[in-house]
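Each chain gets a letter, A, B and so on, in the order its sequence line appears, and its residues count up from 1.
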Amino acid sequence: MQNLFGDEEYGKQESGKNFADIILPVPIPRMFTYKIPIALAPQIQIGARVIVQFGRKKVLTGIIGKVHNKPPQAYDAKPILEVLDDQPTVNPIQIRFWVWMANYYCCHIGEVMHAAIPSGLRLSSESKIQANPNFDRENSSYPMDAREDMILDALENQSELSYEDCEKILGIKTIHPILKSLVAKEAVLIFEKVQEKYSPKVETRIRIVPEIAADKKALEAVFESLAGKTKQESILLKFLRDIPIFQNLKLNEKGIAKSSLMEEGDSESSLKTLIKNGVFESFKLVVNRIEEAEPEKEPAVLSESQNQALTEIKQHFKEKQTVLLHGVTGSGKTEIYIQLIRETLESGSQVLLLLPEIALTTQIVSRLQQVFGSQMGVYHSKYSDNERVEVWNGVLSGRFSFVVGVRSSIFLPFDSLGLIIVDEEHEASFKQFDPAPRFQARDSAIMLSYFHQAKTILGSATPSFESYFNATQDKYGYVQLTHRYGDASLPEYHLANLSADRKKNLLKLDSTRLMREKIQDALDKNEQVLIFQNRRGYSPYIQCEDCGWTGQCIQCDVSLTYHQFAEELRCHYCGYKEKVPSSCPACGSTQLTTMGMGTERIEESLSLLFPEARLGRMDLDTTRNKYGYQRILDEFGAGQIDILVGTQMITKGLDFGRVTVVGIWDGDRILNFPDFRAGERAFQQITQVAGRAGRRSEKGQVIIQSRNPDNEVFEKVIKGDYYEYFRHEMMERKSFYYPPYVKLVKITTRHTDFKITEKAALALHREMAHIPVKKIVLGPEKALIGRIKNQYQFESMIKLDRSSNTQAEFKTQLNQILENLQATPEFRSVRWIIDVDPN
DNA sequence: AGCACGCCGACT
DNA sequence: GTCGGCGTGCTC
């Protein structure tokens, strides 16, 4: 356990202390003590950013975590180079939160810091070289070689050179020895130039010269003078169309962005002429990257059931910190949120609304923006770093008292949260997988709430079984919202039997007859269709029809995925890619076919089955850029797409009344993966997708294609009986020791050598068995994917008793064990990855 | 994690 | 002979 932080009073200036322990964004389980130079002492405060040298030439931005008077014994502390903040960037609640997260998720505080602070707030170090002013080149006693002379020549013309400049000048990569020699000869100085990376966005804008804009006659005269000059005229007309200055002259002040005035085909020269002739003028404006929307005038009226739920939530909040809001799709949870957010903001507290990444680009955000206007910040995963910094600073300055954001927005510098809402709380994407900290944002949000003495709402149409379990245990308040908005009826389910259709030869391009009929019905009635394919099923690959060859990744134990668009085979684990071979590399046959069913493939099948229909596809590939998602949604909303094929994403935010048929292409794929949560996930996914069907008066149709339609998950989904399925699952989890009855910790052992990996994993297992807490240790087993990026991996799973003492004790001892193992020469380069509460 | 240093093969 | 491959060790 790290106990970096003592009892210092936050923000208090620490002028009496000589040393500071600094949190640095590096994954090292240690704290770093630096000297406080006397000159900087008055500026030192806990939570402020500092610049320190770390290692030979690296400078890093760190956070002051602790200030004291104990000089380190084993080494000489380096001095803090600079203090960046007058006001701390990180507040004490955040530091507590970081410490909690590092301890709970078994990672280092530096890793938490790395995840928490946008890199725009860290500083880049760039070493620069300048000529030594005291150096006399003519009369130097040191001989210079050719390369050294080249550098000195360059410094006659430029006052400073970066390392990169030097590399270019000399045309070689290893410049360090040369620079070192120049420093030794006192010819140059190396200095670290530290820059704040954040830069505000500046836009070139165009407006009509104010005198003309204010004078109708003058403007008419301009039009007359432009007669015949169509290009210039059209630009002026476009301006007046977008900026109606006759209605509101003030609009001219801010003008229009040059980029939006100039459309494709417009010539730059026409605009230049207009500026030259004194019609337009151009000017620069610092703009916010985050767009603002006008606040909505009148608040929406809550329905009776919504009001009821609201009252219940408030009632629970009197004694409970967390409330689970279980509301079926379309029951209007958003309106309840809005009401609670508004009240919390009015009481002067801040609000955070967490959404899964895929839901963030949807209507809910624009809806909220209409209500809350410019006091609301949006924190996207697709935001650039500058935009993240803007949100961060917005929260810090108080400009944003309400933030809608993804997982990582729990790290924003809130100082007085009153309410955190986690919408779609069952979503797996709230758990961070890969780099540490491997945190579950929903659980962390509850902890953060606790630190702020705030309240938490978990909202879902299909709550995670953990959350629902907590509700049944009275740990959370539980509020149900059953009525669908406008009394839309629940959809009608149909199971389409793939095996039966295959036997009867009714299967066409992987579609059952029932599926085709239902789609055709919808198309005939000019209604829309959604086809869902689970992402885990998205793995089309290439196979040789003659010998069965499939492309394998050269550094991982997986098949390569076929990407039609790029004509490539790619590895989803390491990024390796190769061109699709024209003939089989194993037997030379040219009979290579694509196997598996990705969204791309389904789209193709559908285009053959329904040549008239207008198709759209929504998956990771088609929504890669920031607005791709919105574009597809808009097209679909405008009725320009009849059938939309997509992954998970289509279950979010589609809120259009014309969808009457939802097809689940491969229902089995949702069920079949080796994970204790498979059933729960299947239930959630099917219910969520089905919820997109028939939201208005028309009853929706849901078709599930499956090879074994008798599976009880399907049965329970169709009955819509969440509670019954929950009870069934809980019995299994209890008898087989799965969450929520135990806590899981997964430990992955990785190394390039198979034998060493196995040996290390076994050694770890042996040691863990001795930890004296109530637990079950499983494994180690070769991981499902035995090798990734040339690293073999073994996994151990530990099932811990639910008490928090057990967990804390286990984690402490585990860290100790790993430290010892790591110190064994044999296991020096073995990597261990701890995943607490894995998905 | 970076990033140095250090000791072995393939190139001007 | 040098360039540069990545194994190993350290960072206050």
Side-chain angles (χ1 to χ4, degrees), chain A residues 2-5 17-37 40 44 49-83 102 105-117 119 122-127 145-147 162-164 167 170-181 183 190 192 194 432 434-438 555 748 750-753 756-757 760 789-791 818-819 821-834:
Chain A
Q2 302 168 33
N3 185 20
L4 284 175
F5 311 103
K17 308 288 173 70
N18 310 327
F19 294 96
D21 291 346
I22 309 294
I23 309 170
L24 292 171
V26 289
I28 302 164
R30 237 170 300 159
M31 51 180 137
F32 298 92
T33 307
Y34 285 84
K35 264 194 295 236
I36 300 173
L40 295 182
I44 299 288
R49 291 177 302 159
V50 292
I51 301 289
V52 292
Q53 182 160 27
F54 185 71
R56 222 162 227 288
K57 56 169 269 217
K58 216 173 6 179
V59 289
L60 291 176
T61 304
I63 300 284
I64 302 175
K66 186 181 171 133
V67 192
H68 57 83
N69 267 326
K70 290 188 291 283
Q73 300 297 303
Y75 53 84
D76 246 0
K78 286 182 184 170
I80 291 172
L81 300 175
E82 212 175 313
V83 180
Y105 290 104
C106 294
C107 65
H108 314 307
I109 193 148
E111 292 173 311
V112 180
M113 175 189 168
H114 191 78
I117 301 213
S119 53
R122 299 195 297 266
L123 302 171
S124 66
S125 89
E126 227 194 346
S127 298
D145 71 15
R147 282 173 170 166
S162 69
Y163 270 46
E164 261 181 31
E167 286 172 10
L170 298 177
I172 55 166
K173 278 270 166 202
T174 14
I175 54 163
H176 208 72
I178 294 152
L179 295 178
K180 228 162 117 183
S181 149
V183 172
I190 295 183
E192 304 284 343
V194 174
Q432 168 144 324
D434 207 14
R438 298 177 172 77
Q555 28 190 12
T748 310
R750 273 194 200 153
H751 192 262
T752 41
D753 185 298
I756 292 178
T757 319
K789 290 184 203 170
N790 277 331
Q791 298 233 309
L818 289 178
E819 206 176 296
L821 285 174
Q822 209 88 83
T824 320
E826 207 185 353
F827 300 143
R828 210 192 325 260
S829 48
V830 172
R831 291 255 301 127
W832 273 288
I833 295 136
I834 307 175

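A 4.5 Å side-chain heavy-atom check between A/Ile64 and A/Lys66 finds every atom pair outside the cut-off. Within the 4.5 Å cutoff, side-chain heavy atoms of A/Ile44 are placed close to those of A/Val67. Contact annotation: the side chain of A/Val50 approaches that of A/Ile22 to within less than 4.5 Å [non-hydrogen atoms, C-beta and beyond].
In this model, the phosphate group of C/dT8 is not approached by any side-chain N or O of A/Arg828 to a distance below 4.0 Å at OP1 or OP2.
Atom OH of A/Tyr75 is separated from atom C1' of C/dC10 by 13 Å (rounded to the nearest Å). Remark: C1' of B/dA1 and CZ of A/Arg750 are 15 Å apart, rounded to the nearest angstrom. Rounded to whole Å, the distance from CG on A/Asp76 to P on C/dC10 is 18 Å. Note: CD1 (A/Ile36) to C1' (C/dC12) measures 13 Å, nearest angstrom. Between A/Lys35 atom NZ and C/dC12 atom P there is a gap of 12 Å when expressed in whole angstrom units. What separates CG of A/Leu24 from C1' of B/dA1 is a distance of 12 Å, to the nearest Å. The CZ atom of A/Phe32 sits 12 Å away from the C1' atom of B/dG2 (whole-angstrom rounding). As rounded to whole Å, 13 Å separates atom C1' of B/dA4 from atom CD of A/Gln53.
Across all strands shown, A/Pro27 has heavy atoms under 4.0 Å from base atoms, whether or not it also approaches the sugar-phosphate. Residue contacts shown for A/Tyr34 are limited to sugar-phosphate atoms, with no base heavy atom under 4.0 Å away.
By the 30° and 60° cut-offs, the orientation of the rings of A/Phe19 relative to A/His68 is parallel.
Of the candidate nucleotides C/dC12, C/dT8, B/dA1, C/dC12 has the atom nearest to the side chain of A/Ala77.
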